[in-house]
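This report concerns only the one structure given below.
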Amino acid sequence: MSQYEPQKTEPEIYRLWEKSGFFNPDKLPKRHKKSFTVIMPPPNANGPLHLGHAIFVTLQDIMIRYKRIKGFKALWLPGADHAGFETQVVFEKKLEKEGRSRFQIPREQLYQEIMEFTLANKKVMESQLKRLGASCDWTREKFTLDENVIKIVYQTFEKLKNDGLLYRGKRIINWCVKHQTSLSDVELKYEERKSPLYYVKYDVPELHSFITVATTRPETIPADVAIAVNPIDKRYENFIGKYAVNPLNNEKILIISDKTVDKDFGTGALKITPDHDKADEEIFGKHPEINKESKPVINFFGKMEGEKIPAELVGLKVFEARQKAMEILKNNNRLNVEFAPAGIDENYINNAALCYKCGSQIEPLNLANQWFVKMTEKPKGGKFSLRDLAVRAVKSGKIKFIPKRFEKIFFHWMANIKDWNISRQIAWGIKIPDEGTADVFDTWFSSGQWPFAALMSAKKDDFQKFYPTDVMETGSDILLFWVARMIMLGLYATGKVPFETVYLHGLVRDINRQKMSKSKGNVISPLEMSEKYGTDAVRMSLVVGNTPGSDPVVSEDKIRGYRNFANKIWNAARFVMMNLPENLKDIDAFAKKSRKNNALKTEDKKNLKELAMMAKKMTKDMDNFKFYSAAEQLYHYFWHVFADKIIESSKPRLNGSDTKDKSAAQYVLLEILKKTLILLHPFMPFITENIWQTIPNKQKNLLMIEKWPE
RNA sequence: GGGCAUUUAGCUCAGUGGUAGAGCGCUUCGUUCACAUCGAAGAGGUCGCAGGUUCGAUACCUGCAAUGCCCACCA
């Protein structure tokens, strides 16, 4: 008849905790000495929280509550991220719905509008974090656009500049034509696409011959400055140093040799187009003998524009221009049929670089005034490059990854890392402090400084007290975007690692292993689930079976199962309370008296010992970040040992006439209940605290700062 | 092309050098007793495939297959 109703009590319990002040480590009782710090990955303030957020809230709150109960000065510092590009994209979609466009809105106004949007979202987010039980210290909450955070970001920028780790250049960047901004290498996704390979003949008058180049981008031919072949390629020995004629504008271009050219690909001859290809740009830079200036033929809207372009191509979009260029070459008999039918290999497949947000094909373009951070060069007077700092910290074990296999991915990325373009041509973000552009920083440049920037700007001495932090818990999908950058920038700016352990969780999947997304309609809202089944049930469903690094599968059925568990706890506790001695005021005195009476049966002692053993095992799991295992053990113990066996077998004793034996049974039940409530608290904080408050306890302590049963 | 991982009951996942575990689901029975958001009993697996190491392998090694992920300037 009696059922637990979390909806009614959870918000009340949260207020009780907040009122106590214990979320703030400075307010914890004296026994809390050593600090334990987790910086919350600031959620993007551009929409409601989803299950991915609920996972991090659950895992981090478990860590924090566990350590707090264990007697640590536990700090969980909450924050919100302005999330530059991400938020701007969300906002642009909103504008689109309203029939407006970012390009028609003055920059300052756009900034203000996005700011209002973000602050409104931030507020919603905060209340949702509370609803999920996050025991973070709201007195230290930070926003990535707080003035004192921006100040720190600028300081790091200056330091990089002074150390010679920053340069500003005209360089090929990844340009998203739709969003009108450059993107860093990690902001691209790749897709295999059919991309016809054209075999184009370039005349070489000096030799009365021609050289054939294989290209997927004939529309860029007017921008060619050279042709490159491999020096060991016998076929082209005589061509090196001679001039070829550009088939689309008749300009003379030099044939050079470079050993990066793959002689086995295509014809072994590569056209060099420095304005529209990163690799070509590099080769161009290495060859001063190329006596031709590089000029672009594609503009920032992805259309043909520039000198020396055939008139038919001007103004066409890249794909249209490609068709047209192919026609011109064909009509002029410039396609070499020797290598493929009609001179075109239609089945050639390559990886197209796409904008990770909108899927538009990335246009490699040359953009001036872009800031790049050097990843592999040593700073002035310094010993280690940013890359080396990070790699050394992980290799030496100063930073540990859970699971460990992510270290390999990390090293692999670091080994091949390129300089980092931190300029973005969008309105929403931290303005880069220079005079030449209106550009803003890549969000990851500022969030890469988050652990120290948040602590330095929160409260006086926080940095000294809480840095380096203990655990960085976040999604494995942002290992390279964020974690890697935090390690580099944290070490560089402070000389210390930003955190000692990196715990990475996977991506939430639905029961069919699909990613959850709005467009698929398979999204489960953690807030809705909380309303329906209680936050504790949601949290348990997100931790049991969720091993680090692998993708957890979440379904409403699973959540319902843990709602049943919460109800089980509720009723078991009710049973124990109902069977306590009448008018019991102080359980501690009762426990003391019971121990003195020494009426425990062998079976009682055995039960208490079994609990102690389970607690020990489970504690070990907690210390090893095996929360999935700890949670499962608790679940099993509470339901199938305590409720099914111990409570059941106590019934005759509680109803019997032997008062001493009855008292012993009461004592054992109460003891097990108390201890399991503490053990369960990190996982299911609301129901455990709720029950705790109904136990006749003279001390009237909060469960959240009770002592862990050792 | 290079790398990382996964493969155990219908589903989601643990696990260990000594002939397999949990939850959900399923079957049968029960229940005015704290709880039907319940209880009891039960069915169900040649631990991806093929070799090897071993007294013994699901576990360690090798190869293969399927699946997933990451990285990459073959134009």
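Reminder, nothing fancy here: chain letters follow the sequence lines and each chain counts from 1. Just so we're clear, the structure is a prediction, and the values are computed from it rather than from any experiment.
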Nucleotide forming a Watson-Crick or wobble pair with B:rG68, both distances under 3.5 Å: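 Base-paired to B:rC4.
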Pairing partner of B:rU37 (Watson-Crick or G-U wobble, both distances under 3.5 Å):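 Paired with no nucleotide.
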Ignoring hydrogens and geometry beyond distance, is the side chain of A:Glu648 in donor-acceptor contact with the base of B:rA40 at under 3.5 Å? no
Counting only distance, no hydrogens or angles, is the base of B:rC24 paired donor-acceptor with the side chain of A:Lys558 under 3.5 Å?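 It does not, because no donor-acceptor pair links the side chain of A:Lys558 to the base of B:rC24 below 3.5 Å.
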Taking any heavy-atom pair under 4.0 Å as a contact, classify [X]: base, sugar-phosphate, or nothing.
| X | result |
| --- | --- |
| A:Arg217 | nothing |
| A:Val261 | base |
| A:Thr547 | sugar-phosphate |
| A:Asp280 | nothing |
| A:Ile647 | base |
| A:Lys651 | base |
| A:Ala643 | base |
| A:Glu281 | nothing |
| A:Tyr4 | nothing |

Inter-residue atom distance A:Ser182.OG - A:Glu363.CD, 0.5 Å rounding: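 So the OG of A:Ser182 and the CD of A:Glu363 are separated by 14.0 Å.
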Polar contact flag, side-chain donor to acceptor under 3.5 angstrom, A:Ser184-A:Asn421: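 Result is no, nothing qualifies.
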Any luck finding a side-chain donor-acceptor pair between A:Gln633 and A:Asp621 under 3.5 Å? yes
May I ask you to decide whether A:Asp604 forms a salt bridge with A:Arg653, counting only side-chain N to carboxylate O separations under 4.0 Å?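 Yes, this pair counts.
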Are A:Glu407 and A:Lys400 close enough for a salt bridge, meaning some N to O gap below 4.0 Å? no
May I ask you to evaluate whether A:Tyr562 reaches the phosphate of B:rU12, defined as a side-chain N or O under 4.0 Å from OP1 or OP2?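 For B:rU12, neither OP1 nor OP2 has a side-chain N or O of A:Tyr562 closer than 4.0 Å.
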Interface polar pairs with nucleotides 67-69 of chain B, N/O, under 3.5 angstrom:
none

Test item: A:Tyr533 and A:Glu556 side chains (from C-beta on) under 4.5 Å apart, heavy atoms: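 Yes - at least one pair of side-chain heavy atoms lies under 4.5 Å apart.
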More than 12 heavy atoms from other groups under 6.0 Å of NZ on A:Lys189: yes
Quick one: which of B:rG2, B:rA72, B:rA34 gets closest to the side chain of A:Arg574? B:rA34
